[in-house]
Amino acid sequence: MSLLDSLNNDLKTAMKAHDKETLSTVRMLKAAVMNEQIKTGQPLTSDEEISVLSRELKQRKYSLAEFSKAQRADLVSGLEKEIKVVERYLPQQLNEAEVHEIVAETIKQVNASSKADFGKVMGAVMPKVKGRADGKLVNAAVKSLLG
């Protein structure tokens, strides 16, 4: 089942259940995927779909941090619900230990030895963890293992 089919099914389910938070989030995700599809002019691959979902998740996490900083508890709770809905469509996220393991393995593969090799390591790691790990987490892991 494609992502759009899954979103459509969940949209119907949320409508029937009168679940307004899930309904609005699924609609936003569907719109984001459809807009990307229109922009590319062809159906999206699964990697492209994951990229769109990752971008949506990243935006919500950024907003969550900003609203938390501004002490807007009313907006924080809504965003937390949206984040949970978005995460349902993404692959299982890697934990910190798994990311460190992948980064350490990649450092050996590319023969990196200093901070000067940071870009080379990041370039090799990011395709391996695409959609399964946050870039900030990968960045921190690379810095700690190289530095």
Side-chain angles (χ1 to χ4, degrees), residues 1-107 109-110 115 118-147:
M1 180 184 297
S2 75
L3 177 64
L4 279 176
D5 293 338
S6 180
L7 288 171
N8 283 327
N9 288 339
D10 290 349
L11 190 69
K12 290 174 192 173
T13 304
M15 281 181 185
K16 289 177 183 176
H18 301 288
D19 184 355
K20 291 181 182 178
E21 289 92 8
T22 303
L23 180 63
S24 67
T25 305
V26 171
R27 279 183 175 154
M28 283 188 279
L29 293 175
K30 184 179 175 192
V33 171
M34 294 295 291
N35 286 338
E36 190 69 24
Q37 205 167 10
I38 290 168
K39 195 164 81 174
T40 61
Q42 59 190 12
L44 300 179
T45 65
S46 61
D47 284 344
E48 291 170 330
E49 291 173 341
I50 289 172
S51 294
V52 171
L53 293 176
S54 296
R55 183 174 57 233
E56 293 295 316
L57 181 65
K58 186 176 181 179
Q59 288 173 351
R60 283 165 179 74
K61 285 185 176 182
Y62 176 77
S63 297
L64 181 68
E66 292 298 314
F67 291 149
S68 295
K69 214 183 314 180
Q71 299 175 354
R72 294 290 311 265
D74 55 326
L75 298 173
V76 167
S77 64
L79 272 175
E80 287 172 342
K81 291 175 186 172
E82 284 185 19
I83 288 171
K84 287 179 184 173
V85 172
V86 175
E87 286 176 339
R88 283 193 293 195
Y89 300 101
L90 286 170
Q92 181 67 33
Q93 297 293 297
L94 299 171
N95 63 33
E96 200 169 332
E98 292 169 326
V99 171
H100 271 275
E101 185 179 310
I102 291 170
V103 169
E105 181 182 303
T106 305
I107 288 173
Q109 288 174 353
V110 298
K115 288 186 178 183
F118 178 82
K120 184 168 41 169
V121 174
M122 284 295 289
V125 170
M126 289 310 288
K128 293 179 183 179
V129 299
K130 186 175 183 96
R132 299 184 305 142
D134 185 38
K136 289 180 183 178
L137 180 61
V138 175
N139 188 319
V142 171
K143 283 182 180 176
S144 71
L145 291 173
L146 285 179

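Starting from 1, each residue takes its place in the sequence as its number. The structure displayed is predicted, hence computed values, not measured ones.
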Start with the C-alpha distance between L29 and R88, add both sets of side-chain angles, then the distance that settles side-chain contact (heavy atoms from CB on, under 4.5 Å), and finish with yes or no.
CA-CA 12 Å; L29 293 175; R88 283 193 293 195; over 6 Å; no
Pair V33-L44, side-chain contact (heavy atoms from CB on, under 4.5 Å): steps then yes or no:
CA-CA 8 Å; V33 171; L44 300 179; 3.9 Å; yes
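Contact check for E36 versus R55: side-chain heavy atoms found under the 4.5 Å cut-off. Inter-residue side-chain proximity for L4 and M34 is flagged as met; some heavy-atom pair is nearer than 4.5 Å. Annotation: side chain of E21 is not in contact with side chain of V85 (no heavy-atom distance under 4.5 Å). Under the 4.5 Å side-chain criterion, counting only non-hydrogen atoms from C-beta, L3 is in contact with L7. Residues F118 and N139 form a side-chain contact, since some pair of their non-hydrogen atoms from C-beta on lies under 4.5 Å apart. Side-chain contact between K61 and K136 is absent, with no heavy-atom pair separated by less than 4.5 Å. Taking 4.5 Å as the limit, some side-chain heavy atom of Y89 sits within range of a side-chain heavy atom of V26.
Considering all non-hydrogen atoms of both residues, V138 and A133 come closest at CG2-CB, 4.1 Å. Between G135 and M122, the shortest heavy-atom distance links the atoms O-CE, 4.4 Å. Minimum interatomic distance between P127 and G123 (heavy atoms only, all atoms of both residues): CD-O, 3.1 Å. Across every non-hydrogen atom of H100 and S144, the tightest pair is CE1-OG, 3.2 Å. Across all their heavy atoms, D74 and S77 have their closest contact at O-OG, 3.3 Å. Scanning all heavy atoms of the two residues, the minimum distance from L64 to L79 falls at N-CD1, 3.6 Å.
Salt bridge annotation for E56-R60: present, with a cationic side-chain nitrogen under 4.0 angstrom from a carboxylate oxygen.
Annotation: E98, atom CD; neighbour count of heavy atoms from other residues, nucleotides and ligands within 6.0 Å is above 12. Around the CD atom of E66, the shell of radius 6.0 Å holds more than 12 heavy atoms that belong to other residues, nucleotides or ligands.
Distance check, rounded to the nearest 0.5 Å: CD of Q59 to OG of S54 gives 11.0 Å. Atom CG of residue L94 and atom CD of residue E101 lie 10.0 Å apart, to the nearest 0.5 angstrom. Once rounded to the nearest 0.5 Å, the distance linking CE of M126 with OG1 of T106 reads 11.5 Å. For the atom pair NZ of K30 and CG of N8, the computed distance is 4.0 Å after rounding to the nearest 0.5 Å. Between atom NZ of residue K84 and atom OG1 of residue T22 there is a gap of 11.0 Å, rounded to the nearest 0.5 Å. With rounding to the nearest 0.5 Å, the separation of CG in D10 from CZ in R27 is 13.5 Å.
Side chain of Q93 to main chain of P91: a donor-acceptor pair is present (N/O by atom type, distance under 3.5 Å, no hydrogens or angles).
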